[in-house]
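All values below come from the heavy atoms of this structure, side chains included, with hydrogens, waters and symmetry mates left out. Each chain gets a letter, A, B and so on, in the order the sequences are listed, and its residues count up from 1.
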There are 2 protein chains.
Amino acid sequence: MTTTAQPGSPEGKTLRPELAGAPRPMRGDAARNRARVLDAARAAFAEDGAEVQMEQIAKRAGVGVGTLYRNFPTKQALIAELADRWMDERVEIVDQALEMPDPAEAFGWFVRRTAEDMAGDAGLCHLFSGVSGGTCPFPDLLVARTEEVLARARAVGAIRSDVSVADFQAILGGLSAAIAQTEKWELFAEMLITGLRAPAQPCP
Amino acid sequence: MTTTAQPGSPEGKTLRPELAGAPRPMRGDAARNRARVLDAARAAFAEDGAEVQMEQIAKRAGVGVGTLYRNFPTKQALIAELADRWMDERVEIVDQALEMPDPAEAFGWFVRRTAEDMAGDAGLCHLFSGVSGGTCPFPDLLVARTEEVLARARAVGAIRSDVSVADFQAILGGLSAAIAQTEKWELFAEMLITGLRAPAQPCP
DNA sequence: TTTGAAGTGGAAGTCGAATTCCGCTTCCGG
DNA sequence: CCGGAAGCGGAATTCGACTTCCACTTCAAA
């Protein structure tokens with residue numbers, strides 16, 4: 001489970017590791033706080049993008065900054081944790097697409113769904129457009145699954161054959177940037193799906 | 001002339017305005033330095049995006065930061081000046097498009113040309129995707145001319161009728177973000193042109 | 001050539017955000 | 001109910017940009 005990196009003892013600190021046993025579970029209230037922080041952070045990023053200040057997040061979570069730093073050594077680390085969760089969700093979405101019988105439909109649904117999600121979450125947008133921003137690369141699993149969706153669509157002639165996963169991800173990055181400017185995600189998604197379709201046969 | 005805001009006396013400082021006359025032209029070497037700074041800044045932004053530091057720019061221009069600040073009171077101001085020049089160039093491009101007889105072709109050319117320019121200049125990319133970044137709104141002139149290009153294309157049925165200039169600008173923002181990730185501008189441009197085409201008639 | 005206004009470099013100051021520190025509070029096993 | 005380890009808040013510190021300042025050059029008009 002990627003999501004709850006329960007930091008009982010942040011780094012192998014226990015002296016005499018032969019006595020280590022279980023790292024002693026986090027205290028109840030502490031765990032609760034950690035969760036609150038994560039939620040607050042997610043909400044904050046979703047609303048205001050990546051430039052929210054640690055203090056804002058702390059306030060929103062109803063804790064002091066100290067507590068933030070107890071759980072995440074760095075702002076980067078906090079963001080990384082959120083990114084992890086986002087990625088997990090993305091994988092779920094892709095998997096749903098993979099379960100749909102019609103590849104073309106699946107591809108379309110996936111794009112629309114992604115666009116919609118982006119429109120509701122500035123943090124997610126940053127994640128996509130900001131691969132350049134050094135946030136984090138997409139995890140291999142996600143890339144692999146996405147490739148499957150593309151491959152299936154390609155096989156049915158639903159999309160051009162010269163679009164690699166990397167290209168597609170760059171395109172999603174573009175999509176997120178566009179959505180960040182105007183929330184017309186439906187238009188953009190449609191545009192993208194059409195634009196990716198195999199070059200228009202000249203109507204024989 | 002927008003581009004050379006010759007700052008002889010930055011703010012109306014001359015006492016006895018009745019004697020003001022010409023604000024006394026900038027000293028030769030100073031003008032040369034100003035130009036160098038502008039060039040260096042443009043190059044720096046083009047290479048490294050908007051996060052270059054003032055000191056970098058100064059070094060690249062071969063001057064001290066002091067000189068930067070003599071010419072531009074603020075980093076923002078420097079960026080704004082560059083943005084102005086970029087905008088002027090953009091207007092020229094749009095005008096070229098407007099001179100082309102075939103509206104559909106003109107639109108396509110404009111998109112491709114824009115994509116190509118973006119690919120060569122990270123600064124330009126930031127300008128487009130970063131309207132969100134608060135850099136500056138597009139000047140009315142540019143918007144108006146762009147609207148013309150769109151209108152003409154729309155009239156010939158080359159693009160969907162439900163895309164406003166604002167939408168189109170957001171789309172260009174997206175394009176720039178995509179290009180910032182992979183330099184495949186040709187693919188992206190093609191995709192965009194196709195995607196914007198009026199909904200595929202089902203081949204009558 | 002002289003002279004002083006204009007221009008220069010870059011060390012020092014400022015400022016906002018991230019991160020650390022530590023005395024006080026809260027859990028929870030015995 | 002107690003003791004003390006685990007957590008907590010938030011003031012104080014650090015850090016990394018941007019911006020200011022000023023003694024020192026350089027230009028160019030007379």
Side-chain angles (χ1 to χ4, degrees), chain A residues 6-11 13-15 19-38 40-41 44-45 48-82 134, chain B residues 6-11 13-16 19-38 40-41 44-45 48-81 133-135:
Chain A
Q6 196 194 46
S9 49
E11 222 48 77
K13 259 299 185 44
T14 20
L15 313 186
L19 302 181
R24 176 176 318 208
M26 203 182 224
R27 225 168 74 178
D29 56 340
R32 216 169 306 128
N33 271 341
R34 182 185 166 87
R36 279 162 146 225
V37 166
L38 237 15
F45 283 123
D48 310 326
E51 67 288 347
V52 268
Q53 289 150 233
M54 290 303 258
E55 203 177 325
Q56 294 300 311
I57 299 178
K59 193 168 300 175
R60 196 187 264 256
V63 304
V65 277
T67 301
L68 251 63
Y69 282 93
R70 159 166 306 278
N71 285 287
F72 307 94
T74 269
K75 190 181 188 181
Q76 271 312 311
L78 172 55
I79 294 181
E81 175 75 36
L82 283 177
Chain B
Q6 195 195 47
S9 48
E11 223 49 77
K13 258 301 185 41
T14 20
L15 314 187
R16 309 237 213 142
L19 302 180
R24 178 175 315 208
M26 201 182 224
R27 224 167 75 180
D29 57 338
R32 215 169 307 128
N33 272 340
R34 182 185 166 87
R36 277 163 147 225
V37 165
L38 236 14
F45 282 123
D48 311 325
E51 66 288 349
V52 269
Q53 289 150 233
M54 290 303 258
E55 205 176 322
Q56 294 300 312
I57 299 179
K59 193 168 301 173
R60 194 187 265 256
V63 304
V65 277
T67 301
L68 251 63
Y69 282 92
R70 156 165 307 277
N71 285 287
F72 307 95
T74 270
K75 190 181 187 182
Q76 271 312 313
L78 173 55
I79 294 181
E81 175 75 34
T135 320

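Rounded to whole angstrom, the span from the CG atom of B/Leu78 across to the C1' atom of D/dT19 amounts to 14 Å. Computed from coordinates, the A/Met26 CE to C/dT26 P distance equals 19 Å when rounded to whole Å. One atom, CZ of B/Arg70, and another, C1' of C/dG9, lie 11 Å apart when rounded to the nearest Å. Following rounding to the nearest Å, A/Leu68 (CG) and D/dG10 (P) show an atom-to-atom distance of 13 Å. In this entry the distance linking CZ of A/Arg34 with C1' of D/dA6 reads 15 Å, nearest Å. Summarising the geometry, the separation between NZ on A/Lys59 and P on D/dA11 is reported as 11 Å, rounded to the nearest angstrom. Distance, B/Arg36 CZ to C/dG7 P: 16 Å, rounded to whole Å.
Taken from OG1 in B/Thr74 to CD1 in B/Ile79, the straight-line distance is 10.0 Å, to the nearest 0.5 Å. Taking CD of B/Glu81 as the reference point, atom CG of B/Asn71 lies at 9.5 Å (rounded to 0.5 Å).
Smallest separation of non-hydrogen atoms from A/Gly64 and A/Ala58: C-CB, 3.9 Å. Minimum interatomic distance between B/Ile57 and B/Ala44 (heavy atoms only, all atoms of both residues): CG1-CB, 4.1 Å. When all heavy atoms of A/Leu68 and A/Met54 are compared, the closest pair comes out as CD2-O, 3.4 Å. Among all heavy-atom pairs drawn from B/Ala50 and B/Lys75, the shortest one is O-NZ, 3.8 Å.
In terms of phosphate contacts, A/Thr67 brings no side-chain nitrogen or oxygen within less than 4.0 Å of OP1 or OP2 of D/dG7. For B/Asn33 and C/dG7, the shortest distance from a side-chain N or O to OP1 or OP2 is not below 4.0 Å.
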Under 3.5 Å, sequence neighbours excluded: what are the donor-acceptor pairs made by side chains of residues 26-33 of chain A?
| from | atom 1 | to | atom 2 | distance (Å) |
| --- | --- | --- | --- | --- |
| A/Arg27 | NE | A/Asp29 | OD1 | 3.2 |
| A/Arg27 | NH2 | A/Asp29 | OD2 | 3.2 |

Could you list the protein-to-nucleotides 23-27 of chain D atom pairs, N/O on both sides, closer than 3.5 Å?
| from | atom 1 | to | atom 2 | distance (Å) |
| --- | --- | --- | --- | --- |
| D/dT26 | O2 | B/Arg27 | NH1 | 3.3 |
| D/dT26 | O2 | B/Arg27 | NH2 | 3.3 |
| D/dC27 | O4' | B/Arg27 | NH2 | 3.4 |

inquiry  = Using a 4.0 Å heavy-atom cut-off to protein, can you give one letter per nucleotide of nucleotides 13-20 of chain C, 5' to 3': B if the base is in contact, S if only the sugar-phosphate is, - if neither?
reply    = ----SSBB
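In this structure, A/Leu82 and A/Phe72 have side chains that are not in contact, with every pair of non-hydrogen atoms separated by 4.5 Å or more.
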